[in-house]
Amino acid sequence: MKEIHFEDVKKNYGQTEVVKGLNLTIEKGERLILLGPSGCGKSTTLRLIAGLEEISSGKLIMDGKVVNNIPSGKRNVAMVFQNYALYPHMTVKQNITYALRMKKVPKKEIELRLEDALKMLQLNGLEERLPKDLSGGQRQRVALARAIVKQADYFLLDEPLSNLDAQLRVSARKELVNIHEKYKQTIVYVTHDQIEAMTVGNRIALLNEGVLQMLDTPENVYHHPSNIFTAKFIGAPPTNIFTMKYQDGDIHFGTQSFSLSPEWAKKVYEAASSQLVFGIRPEHIELSTEPQALHATVKSIENLGAEYAVYLTFNNEEMIALSSHKYWPLNQQVYVRFKMEHIHLFDKATTNSIGYPIAYKNKSMSLN
Amino acid sequence: MKISKKVTIPWHIIFIFIIFLLIFPIIFAIGTSFKTLQDAYNNPLSIFPTSPTLENYKVFFESLPAFKVTLNTFIIASVVTIFKVITSFLAAYAFVYFIFKGKNVLYFILISTIFLPFTVTMIPNYLVISKMGLGNSIWGVILPQLADAMGIFLLTQALRSISISLIEVARLDNMSHWHIMKDIVLPLVKPAVTSTGIWFFITSWNEYVWPVLILKSTENFTLPLALQMYISSEGGTNFTVAMAVSVITMILPLALYLIFQKYIIGTFISSGIK
């Protein structure tokens with residue numbers, strides 16, 4: 001239960017910079033998710049904490065100490081690997097207790113911890129099996145058990161659920177949250193799956209090309225994305241992004257326009273951006289046949305199960321809206337309304353959000 | 001895909017013929033070793049002796065310190081094997097898991113020595129061993145063979161097949177290299193280590209050119225040198241005795257092969273060497 005602090009940390013492999021000046025504080029006892037597309041540097045960041053990679057420049061501080069040159073074995077870190085990395089020649093029991101036996105933890109204590117972990121992860125009866133005789137879900141739980149018995153201060157998970165099937169993944173992530181509620185270690189969890197990030201995380205650190213895009217609660221990352229990348233990466237189907245012009249309280253999309261609320265107009269005035277980009281999530285677009293200020297042409301409709309994704313052409317750009325039914329006339333005009341409280345405005349040059357008129361709590365979570 | 005019986009029968013005949021060709025010399029040697037010289041000249045191709053005799057074995061044990069010769073061969077092969085396995089394993093471990101400057105260059109140079117013909121290193125090695133006063137000593141045979149690039153290559157390949165995350169887990173647990181080697185890496189590559197060791201043993205056991213340069217007196221001889229005594233002009237051509245020595249020479253390697261054959265075949269397939 002200790003905090004981790006990145007101070008302008010960089011990591012290069014030869015000429016390629018994988019982590020570009022990361023500043024990040026992972027608070028004690030939280031579940032921080034490192035999220036991003038492949039190659040964004042999230043796994044490297046995790047491996048820097050574990051000490052499996054050397055830091056090129058900057059400072060990594062764990063529990064108040066700079067650990068740049070401290071070997072991984074002395075950092076008191078437990079890690080679960082994507083492929084679980086169970087020792088194939090050791091039984092479940094040997095796998096779980098190997099590190100403890102090497103550390104010369106008293107036998108009684110080892111038995112106690114083993115018992116505890118087996119019970120919590122429902123591995124009773126599998127102690128004498130070899131990893132090759134276990135299912136994917138069981139292997140994943142053994143890997144978790146092995147990490148838990150170490151009683152480390154930090155718990156690092158590198159895409160721990162990605163090798164499981166969809167159903168198992170749902171139950172495994174719940175299990176993971178339950179375990180954390182009991183042990184309260186500092187968890188750093190790498191994933192590329194946004195649903196996992198949303199459900200497991202207290203906070204999400206979204207990375208892209210080695211740069212931190214946003215660090216906030218899942219709610220804020222979803223509803224108040226800090227830049228265009230975040231808006232587009234989180235949510236499926238992704239946020240619609242449109243070019244626009246702003247003039248005297250109105251937003252113009254080509255020949256169409258609609259009026260901003262006075263709060264938004266104030267925000268835009270304060271931002272003083274020369275050019276803005278408009279963003280809106282598919283579920284915040286209302287389609288109707290009743291006349292509205294804006295209109296678009298229906299191109300195709302996709303069945304998503306619970307709802308339908310309607311693909312439209314709006315001001316010569318593609319727009320995706322979600323609808324509860326599929327009875328929209330193809331290649332014909334429908335009316336469109338954007339829910340004012342859910343629009344996003346970004347500065348075109350910096351791609352950063354200009355902010356939101358509604359005050360929202362920066363940290364809507366409480367720990368401890 | 002199912003291959004019909006009609007197709008497999010001709011293949012089987014071909015394979016049986018090939019196996020016969022490979023096995024015939026062995027059976028011939030065993031059969032001939034129990035023949036009298038007379039019998040061997042009269043029925044050279046028959047594998048069954050007309051009146052079986054142990055005379056040939058007796059000749060070997062009487063004309064040479066046969067027990068000492070066998071022991072010499074065994075000591076040389078064992079010491080060479082043990083050292084080669086240890087040095088190869090340690091070197092392979094370092095090449096796979098350590099990061100150091102010039103690693104790739106060093107590995108390249110080391111592996112390239114596999115392609116050096118023995119004759120290139122023979123003379124310098126001979127001179128060094130003679131100057132050390134180890135001529136005519138089994139230790140002179142052993143010394144230049146305590147490390148082996150081929151062994152390093154084979155074991156490096158084997159170690160590379162271990163998922164690196166296993167080693168990383170151990171490192172996170174503050175495990176020393178000694179424990180990682182002993183508890184994790186070695187058990188996982190045991191088949192490769194075993195078969196490499198057997199291969200070293202058999203190669204050393206059969207070695208002829210290098211021992212013949214170093215070993216001068218018969219009490220220091222190895223089995224291949226003893227064998228040569230009976231088929232060269234020096235000892236006359238007494239090939240039934242030569243066959244008896246051959247049989248003694250091949251017993252141990254054959255036994256090792258039969259015991260460990262599944263390891264041996266597996267390693268050579270996985271390393272891409274056949």
Side-chain angles (χ1 to χ4, degrees), chain A residues 13 43 46-54 67 70-91 94-105 130-132 139 142-160 163, chain B residues 85 89 92-105 107-108 154-197 260 262-263 266-267 269-271:
Chain A
Y13 293 108
S43 279
L46 194 76
R47 292 170 63 82
L48 289 174
I49 301 174
L52 297 172
E53 303 283 344
E54 262 178 65
V67 295
I70 293 184
S72 44
K74 306 242 148 114
R75 295 190 187 186
N76 201 10
V77 175
M79 186 158 168
V80 175
F81 287 77
Q82 187 176 357
N83 63 1
Y84 312 139
L86 298 177
Y87 303 125
H89 58 296
M90 294 189 196
T91 63
Q94 287 168 335
N95 258 294
I96 296 174
T97 58
Y98 176 59
L100 300 180
R101 283 182 279 136
M102 288 298 114
K103 262 203 248 168
K104 305 242 165 13
V105 175
L130 285 174
K132 68 173 164 59
R139 279 181 212 172
V142 174
L144 264 179
R146 181 173 66 180
I148 286 170
V149 294
K150 274 184 79 179
Q151 302 191 344
D153 296 324
Y154 313 94
F155 220 74
L156 311 179
L157 300 121
D158 190 1
E159 310 219 11
N163 286 351
Chain B
V85 166
F89 183 74
Y93 186 89
F95 276 123
V96 176
Y97 299 119
F98 289 176
I99 297 163
F100 55 90
K101 249 197 177 144
K103 179 163 105 167
N104 292 336
V105 177
Y107 187 68
F108 175 79
L154 285 174
L155 292 185
T156 304
Q157 294 300 100
L159 260 57
R160 279 188 183 142
S161 69
I162 300 176
S163 162
I164 188 75
S165 49
L166 292 183
I167 311 301
E168 288 175 343
V169 169
R171 275 175 62 197
L172 282 168
D173 289 339
N174 205 16
M175 225 65 85
S176 64
H177 280 296
W178 166 242
H179 275 117
I180 295 177
M181 238 186 261
K182 180 171 77 72
D183 295 344
I184 297 161
V185 175
L186 194 56
L188 291 176
V189 294
K190 212 163 78 190
V193 171
T194 311
S195 60
T196 309
F260 295 106
K262 71 167 194 238
Y263 286 166
T267 304
I269 289 172
S270 67
S271 65

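Letters A, B, ... mirror the listed sequences (proteins, then strands); counts begin at 1. Both backbone and side-chain heavy atoms feed into the values below; hydrogens, waters and symmetry mates do not.
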For [X], is it the side chain, the backbone, both or neither that has a heavy atom under 4.5 Å from a heavy atom of chain B?
X	answer
A/Arg75	neither
A/Phe81	side chain
A/Leu100	neither

Exercise for the section: Dump the intermediate steps for side-chain contact (heavy atoms from CB on, under 4.5 Å) on B/Asn174 and A/Lys74, then the final yes or no. Expected result: CA-CA 6 Å; B/Asn174 205 16; A/Lys74 306 242 148 114; 3.7 Å; yes
Handout entry: A/Arg101 CZ to B/Asp183 CG distance, which is reported to the nearest 0.5 Å
Key =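 Here the rounded value is 8.5 Å.
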Handout entry: From B/Met175 atom CE to A/Met102 atom CE, the distance as rounded to the nearest 0.5 Å
Key =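 These two atoms lie 6.5 Å from each other.
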Problem - Exercise: identify the closest heavy-atom pair between A/Asn83 and B/Ser163 - result: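 Here A/Asn83 and B/Ser163 meet closest at ND2-OG, 3.3 Å.
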Other residues, nucleotides, ligands: >12 heavy atoms within 6.0 Å of [X] [atom1]:
X	atom1	value
B/Phe98	CZ	yes
A/Glu54	CD	no
B/Lys182	NZ	yes

Exercise for the section: Could you tell me which of B/Asp173, B/Leu166, B/Leu188 has the largest number of non-hydrogen atom pairs under 4.5 Å with chain A? Expected result: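 Highest number of heavy-atom pairs under 4.5 Å: B/Leu166.
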Practice task
Give the member of A/Gln82, A/Lys103, A/Met90, A/Arg47 that has the highest number of heavy-atom pairs under 4.5 Å with chain B.
Solution key: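 Greatest number of close heavy-atom pairs with chain B: A/Arg47.
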